[in-house]
Undergrad: 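Could you have a look at this structure, given as C-alpha cells, before my questions?
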There are 2 protein chains.
Amino acid sequence: MTRAEAADMPDDGAPRTPDRLRRRASRLLSQLTVRSDRLINEGLAQAADARKWHYAVLASLQDFGPGSQATLSGRTGIYRSDMVGVLNELAERGFVERAPDPGDRRRNIITISAEGRRHLRRLDKVLDDLHDELLAPLNPAERDQFVQLLTRLLDHHARTS
Amino acid sequence: MTRAEAADMPDDGAPRTPDRLRRRASRLLSQLTVRSDRLINEGLAQAADARKWHYAVLASLQDFGPGSQATLSGRTGIYRSDMVGVLNELAERGFVERAPDPGDRRRNIITISAEGRRHLRRLDKVLDDLHDELLAPLNPAERDQFVQLLTRLLDHHARTS
DNA sequence: CCGAAAACGTTAGTGGAACGAACGTTGACG
DNA sequence: CGTCAACGTTCGTTCCACTAACGTTTTCGG
C-alpha cells in the first residue's frame, strides 16, 4: 500500500459520497441533467448539426403553425433574446422563413419550410434514439412512470412560479 | 377580441407547447432542474446564508472524516478548481479548518469544526424542508420511486461516462 | 385625436455552473 | 538523482437562463 488512502474508497477505486448527499433529489436532478444535456447536445450536433432549440422551434411551427417570434418564445420557453439567434441559424439553413407581418409591422412571421419539415423528422428520429440511450436502464413502464413524475413536478412548480 | 391571438392559447391564457416537446424526458429534466436549483439556492441562501456546495463538503467531512481538498473533490464531485473558493467561504465562517498536512506538504487537511457540525445540522433541516416543497405533489411512495429512478439512471450514465 | 403606455425584435451584458490549462511546490519511484 | 505525478491555486472558457435598455410600431385612455 503506497499509503492508506482508505475511508473514501469502497475498496474498488471510486471515491465515496455520503448517502444523505447522494439521495437528495435536487442533487440527482442536477447531476443527471448535466449528463442528459451533454448527451442530447452532442448527439444533435454530431448527427444533425443541430441544437435542441432548433427542435423546439421547428416542432412548435409544425404543430401550431406560423407565429411571431414572441409567440414562439411562449410556445417553446426560449427567451425572446435568445430566439433571435436560434432563428438566424434556422433561417441560414433554410428551415424557416422570417417575413415581416404586413398587418403589424412590429412583428416577424416565422414559417417552417419544406426542408424544415424534413429536418424536423430527422431530429425526431435522432432524439428518439438519444432518449433510448438516456433511459436505457428503464423498461417501458418505468419510462412512462418517470415522465409522469417529472411532468407532475414540473406542472406544480410552473404554476407556482 | 382585440385580435385573434388564438391557436397558442388553450383559451385560458397560457401559450401552448407541442406534446412531443413537452414529453421529452431530457426537456422535463432540464426544466425541472432549473426550478429545483433555484428553489434550493434561494432557500439555502436566505435561510442559512449558504450554498449547496457547502452542504456537500460539510456532509462529506462529517460522514467520512477529514481529508485533503483533492479527496473532498472526489467525494463531492466538486471540481478542485472550484473547491478552493468553497473552502475559503467555509473557513471564513469558521465551519472548517484548513491546515497543511505535516506528512505531505503538498496537501491541506480540511477538518470540520464544532460550529461546522451545528451548521450542517441546520442545513440538513433546511434541505429537508426544501425537498418537501420540491416533491410536494408526490406521496412518500412516489418520492421513493422518483429517487430510485433517478439513481438508476445516474448510476448508468456515471459508469458509462 | 393625441400622448402615454405597451409590445415587438434586437443587442449587450450578468451570474452561476461545469470544466480545462497551466504553474509552482512537493512527494514518489525507478 | 532525475523524471514524473499529485496537490492547491489562478485564470479562462463555454453554456444556459435571464435582465436591461433601445428604437420602432401599435394600442388605448382621456
Side-chain angles (χ1 to χ4, degrees), chain A residues 1-5 15 26-27 29-42 44-45 51-54 56-57 67-74 76-89 91 96 98-110 157-158 161, chain B residues 1-3 5 15 26-27 29-42 44-45 50-54 56-57 67-74 76-89 91 96 98-110 157-158 161:
Chain A
M1 193 159 40
T2 47
R3 209 176 37 80
E5 200 69 40
S26 61
R27 177 167 223 265
L29 275 172
S30 296
Q31 301 223 142
L32 183 57
T33 297
V34 169
R35 315 263 177 180
S36 163
D37 282 354
R38 212 172 7 231
L39 183 71
I40 301 291
N41 286 334
E42 287 173 2
L44 279 179
R51 299 196 290 137
K52 60 182 167 173
W53 291 320
H54 297 185
V57 169
S68 71
Q69 300 188 192
T71 331
L72 292 181
S73 261
T76 58
I78 304 173
Y79 265 68
R80 55 182 191 156
S81 0
D82 303 324
M83 183 62 72
V84 183
V86 175
L87 290 179
N88 286 343
E89 292 169 9
V96 302
R98 205 205 239 115
D101 183 342
D104 182 343
R105 298 198 332 258
R106 290 173 303 182
R107 304 185 182 195
N108 292 332
I109 293 186
I110 315 298
H157 290 286
S161 82
Chain B
M1 192 160 37
T2 47
R3 209 174 38 79
E5 199 69 42
S26 62
R27 177 169 224 263
L29 275 172
S30 295
Q31 300 223 143
L32 183 58
T33 297
V34 169
R35 316 263 177 180
S36 163
D37 281 354
R38 205 161 25 220
L39 183 72
I40 302 290
N41 286 334
E42 286 174 3
L44 280 178
R51 299 195 289 135
K52 62 180 168 176
W53 307 122
H54 298 183
V57 169
S68 70
Q69 301 187 190
T71 334
L72 292 181
S73 261
T76 57
I78 304 173
Y79 264 65
R80 55 185 189 153
S81 358
D82 303 324
M83 182 63 72
V84 184
V86 176
L87 290 178
N88 286 343
E89 292 170 9
V96 304
R98 205 204 239 116
D101 184 340
D104 182 344
R105 296 196 334 258
R106 290 172 302 180
R107 306 185 180 194
N108 292 331
I109 293 186
I110 314 299
H157 290 286
S161 84

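Hydrogens, waters and symmetry mates are skipped; everything else that's a heavy atom, side chains included, is used. Source: prediction; values computed, not measured. Lettering of chains follows the sequences in order, A, B, ..., and the numbering in each one begins at 1.
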Undergrad: Let me know, please, whether A:Pro102 or B:Val84 comes out on the 5' side of the other along DNA chain D by nearest nucleotide.
TA: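 Nearer the 5' end of the strand: B:Val84.
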Undergrad: In whole Å, I'd like the distance from the CG atom of B:Leu39 to the P atom of D:dA17.
TA: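 After rounding, the reported distance stands at 18 Å.
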Undergrad: With a cut-off of less than 4.0 Å, is there a side-chain N or O of A:Arg107 near OP1 or OP2 of C:dC8?
TA: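 Answer is yes, contact under 4.0 Å.
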Undergrad: In whole angstroms, how far is the P atom of D:dT14 from the CG atom of A:Asp37?
TA: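 To the nearest whole Å, that distance equals 18 Å.
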Undergrad: Would you please confirm or rule out a distance under 4.0 Å between OP1 or OP2 of C:dG15 and any side-chain N or O of B:Asn41?
TA: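 False: B:Asn41 side-chain N/O out of range (4.0 Å or more) of C:dG15 OP1/OP2.
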Undergrad: How close or far is atom P of D:dC15 from atom CD of A:Glu42, stated in whole angstroms?
TA: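 Taking CD of A:Glu42 and P of D:dC15, I get 11 Å after rounding.
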Undergrad: Is the backbone N or O of A:Asn108 less than 3.5 Å from a side-chain atom of A:Ser68, with the two atoms forming a donor-acceptor pair by type?
TA: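 Flag not set: sc A:Ser68 to bb A:Asn108 has no pair under 3.5 Å.
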Undergrad: Given D:dT9, is OP1 or OP2 found less than 4.0 Å from the side-chain N or O atoms of B:Arg80?
TA: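 Answer no for this pair, as no side-chain N or O of B:Arg80 is under 4.0 Å from OP1 or OP2.
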Undergrad: For the residue pair B:Arg51 and B:Leu44, establish whether any side-chain heavy-atom pair is separated by less than 4.5 Å.
TA: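 No, side chains not in contact.
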Undergrad: Counting side-chain heavy atoms from C-beta on, which of D:dA6, D:dC18, C:dT10 comes nearest to A:Asp82?
TA: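 Looking only at side-chain atoms, A:Asp82 lies closest to D:dC18.
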Undergrad: Write down the distance between CH2 (A:Trp53) and C1' (D:dC18), rounded to a whole number of angstrom.
TA: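 Checked: the CH2 to C1' distance equals 11 Å.
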Undergrad: Would you kindly give the CG-to-C1' distance between B:Asp104 and C:dT25, to the nearest whole Å?
TA: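 For the pair B:Asp104 CG and C:dT25 C1', the rounded distance is 11 Å.
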Undergrad: Spell out, as yes or no, whether a donor-acceptor pair under 3.5 Å connects the side chain of A:Ser36 to the backbone of A:Leu32.
TA: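 Checked: no pair found.
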Undergrad: Rounding to an integer number of Å, can you tell me how far B:Asp101 CG sits from D:dG8 C1'?
TA: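 Atom CG in B:Asp101 sits about 13 Å away from atom C1' in D:dG8.
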Undergrad: Starting the side chain at C-beta, find the nucleotide from D:dT27, D:dG8, C:dA18 nearest to A:Arg106.
TA: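 That would be D:dT27.
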Undergrad: Kindly point out which of C:dA18, D:dC18, C:dG27 is positioned nearest to the side chain of B:Arg105?
TA: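 In terms of side-chain proximity for B:Arg105, the closest of C:dA18, D:dC18, C:dG27 is C:dG27.
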Undergrad: OP1 or OP2 of D:dT9 versus the side-chain N and O atoms of B:Asn108: is any pair under 4.0 Å?
TA: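 Yes, within the criterion.
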Undergrad: If I take atom CD in residue A:Glu89 and atom P in nucleotide D:dC15, what distance separates them, rounded to the nearest angstrom?
TA: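 Going from CD in A:Glu89 over to P in D:dC15 covers 11 Å.
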Undergrad: In the structure I gave you, are the side-chain heavy atoms of A:Lys52 and B:Arg27 within less than 4.5 Å of one another anywhere?
TA: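 Contact flag for A:Lys52/B:Arg27 side chains = no.
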Undergrad: Ignoring backbone atoms, establish whether A:Arg98 has a side-chain N or O less than 4.0 Å from OP1 or OP2 of C:dT10.
TA: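 Checking C:dT10 against A:Arg98, a side-chain N or O does come within under 4.0 Å of OP1 or OP2.
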Undergrad: Hey, are the side chains of B:Val57 and B:Met83 touching, using non-hydrogen atoms and a 4.5 Å cut-off?
TA: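 Side chain of B:Val57 against side chain of B:Met83, heavy atoms only: contact under 4.5 Å found.
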Undergrad: Specify the separation, in whole Å, of atom CE of A:Met83 and atom P of C:dC8.
TA: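 The answer, rounded to whole Å, is 13 Å.
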Undergrad: Taking 4.0 Å as the cut-off, does a side-chain nitrogen or oxygen of B:Arg38 come that near to OP1 or OP2 on D:dC18?
TA: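 Checking D:dC18 against B:Arg38, a side-chain N or O does come within under 4.0 Å of OP1 or OP2.
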Undergrad: Between D:dT19 and A:Tyr79, is there an OP1 or OP2 to side-chain N/O distance shorter than 4.0 Å?
TA: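 Yes.
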Undergrad: Measuring from the side chain of A:Ser81 (C-beta onward, heavy atoms only), which nucleotide among D:dC11, C:dC8, C:dT11 has the closest atom?
TA: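 That would be C:dT11.
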